[in-house]
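In listed order, ligands and their atoms are each counted from 1.
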Amino acid sequence: MKVVVLGAGIIGVCTAWYLLEQGHEVTVVDRQKDAALETSFANGAQISVSFCEPWANAGAPFKVAKWLLRDDSPLLFRPSLDPKQWIWGLSFLTQCTSAAFERNVEQLVQLGRYSHAALKDLVGQTGIEYERLERGILHFFSSQADFDNGVAGAEIMRRHGVDRRVLSREEVLKVEPALASFGANIFGGTFTPSDESGDACVFTQKLALLCQQRGAKFLWEHEVLQLSRTGSTIDQVQIASVRSGAKQDLKADAFVAAMGSYTPALVKPLGEFLNIYPAKGYSATLKLKKPEQASVVSLLDDTRKIAISRLGDSIRIAGTAELCGFDNDLDRPTSRTRCAALVRRYEELFPGVADLSEPNYWTGLRPSTPTNIPYIGRSRKASNLWINAGHGTLGWTHGAGSGLAMAELMAGRKPAMDFGCYGL
Ligand SMILES: Cc1cc2nc3c(=O)[nH]c(=O)nc-3n(C[C@H](O)[C@H](O)[C@H](O)COP(=O)(O)OP(=O)(O)OC[C@H]3O[C@@H](n4cnc5c(N)ncnc54)[C@H](O)[C@@H]3O)c2cc1C
């Protein structure tokens, strides 16, 4: 079958890989010069199967209200006149109950496990290197109240079969001795030894090269414009060269929409509604001055809601979310405040360990759904259009599994997990 994959982030490239595995003829289209240059570029680097709680929980509305007016808060909501933002926000509120939280966690754990197994197989098969560290994820807390919440959260995850251990301060420092100078401020932690970390961008770009070697065609620097439909079948997609503006139509037997936050706009003219809204996040990547004193276990700082991951001789600090539409600007005063807060916090935790002179700030738009559960499955409006989008905070964690699940569904098979695939 001839398949066109729209989007070459972690999700599109993994999808292309598994479609090639099944013998399909694959073309991938992306407006960038290479794979993973948008949201998959400089994320928190965590493969967090066991830290997969959605933002929507019973305590979230209270927290969001508390943070509303602080420019450096972990989550910032800037109300706009955009109805999509309000629909998303209201839908998010309906997920802020204990029952919805449990339901969503169950789905995310299922997809996470499936995806982790797929990633391990894929890495074993290809030997791709991407600064992978299989050292677990350590979540630490700097107040007793937060630690108490963390212990309760760990209990919920254990009910779903996840190995999430509660640690005392001393145990936290044993798992990651590099936290010693901040140790007196730590009240405890939770640890998931089977989680890991690695560079999503390096992984995706190397996988794209392997796809090319296996015969996939990549049309870089091409904007996807629109899908054309006859009856319930997509006949072609119109694309345009970013450089020359020249338009062309690509025909195929099937199409996969994997354009992250931009997917809803592509499928909207077909009457398909995807409740995906961009949640802007930031990261800083610092060169290490003293690598021997830097952390190797991937960390989650609960107070600031930031991830800290070691990537070779660099450290990535990532987090925060702003619901402010399609805004990629790094130069706004708020963006600068938020970026600076990441570096300041790192210095507080690990004084003198990193070179702060070139922080390599970055911003990306998480394609977020109110449940944090992605859309993986067949379009409800066209039988040969497939959706793989809306991976929110966990696209790197769920990348391999989402690609494999997509290829399985397109082959008419049910993926081997208990997950509510879209359109089935
Ligand atoms: C600050 C931050 C930290 C994060 N940390 C983690 C983490 O630690 N672990 C984790 O699992 N996840 C993390 N995530 C989430 C993860 O990065 C995303 O879920 C994931 O990158 C989404 O991948 P994607 O392929 O769907 O989207 P993208 O990577 O954005 O890919 C979409 C592709 O579509 C292309 N595209 C879009 N529109 C068009 C168009 N019209 N024409 C042509 N091409 C188009 C883009 O160029 C892009 O390449 C984080 C995200 C952020 C922002």
Identify, for [atom], the protein heavy atom at the shortest distance, and state residue, atom and that distance.
atom: atom 12 (N) of ligand 1; answer: T393 O, 2.9 Å
atom: atom 33 (C) of ligand 1; answer: D30 OD2, 3.4 Å
atom: atom 50 (C) of ligand 1; answer: N43 CB, 3.4 Å
atom: atom 2 (C) of ligand 1; answer: R366 NH2, 3.7 Å
atom: atom 30 (O) of ligand 1; answer: T39 OG1, 3.0 Å

| Do S40 and ligand 1 have an N or O pair less than 3.5 Å apart? | yes
| field | Region of Y282 that comes within reach of ligand 1 [heavy atoms, distance under 4.0 Å] | value | backbone
Heavy-atom contacts with [X] under 4.0 Å: which atoms of ligand 1 show up? List them by number with element.
X: W396; result: 10 (C), 11 (O), 12 (N)
X: G364; result: 53 (C)
X: G7; result: 33 (C), 34 (O)
X: Q46; result: 7 (C), 8 (O), 9 (N), 10 (C), 11 (O)
X: G281; result: 1 (C)

| field | Shortest reach to atom 3 (C) of ligand 1 by a heavy atom, considering only G44, A321, P374, A200 | value |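 Going through G44, A321, P374, A200 one by one, G44 has the nearest heavy atom to atom 3 (C) of ligand 1.
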| So between G392, S197, G403, A42, whose heavy atom ends up nearest atom 15 (C) of ligand 1? |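 Among G392, S197, G403, A42, the closest heavy atom to atom 15 (C) of ligand 1 belongs to G392.
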| Test of ring centre spacing under 6.0 Å for H139 and F141 | yes
| field | Lys NZ or Arg CZ of R31 over W220 ring: under 6.0 Å, within 45° | value |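 Pair R31/W220 does not count as cation-pi.
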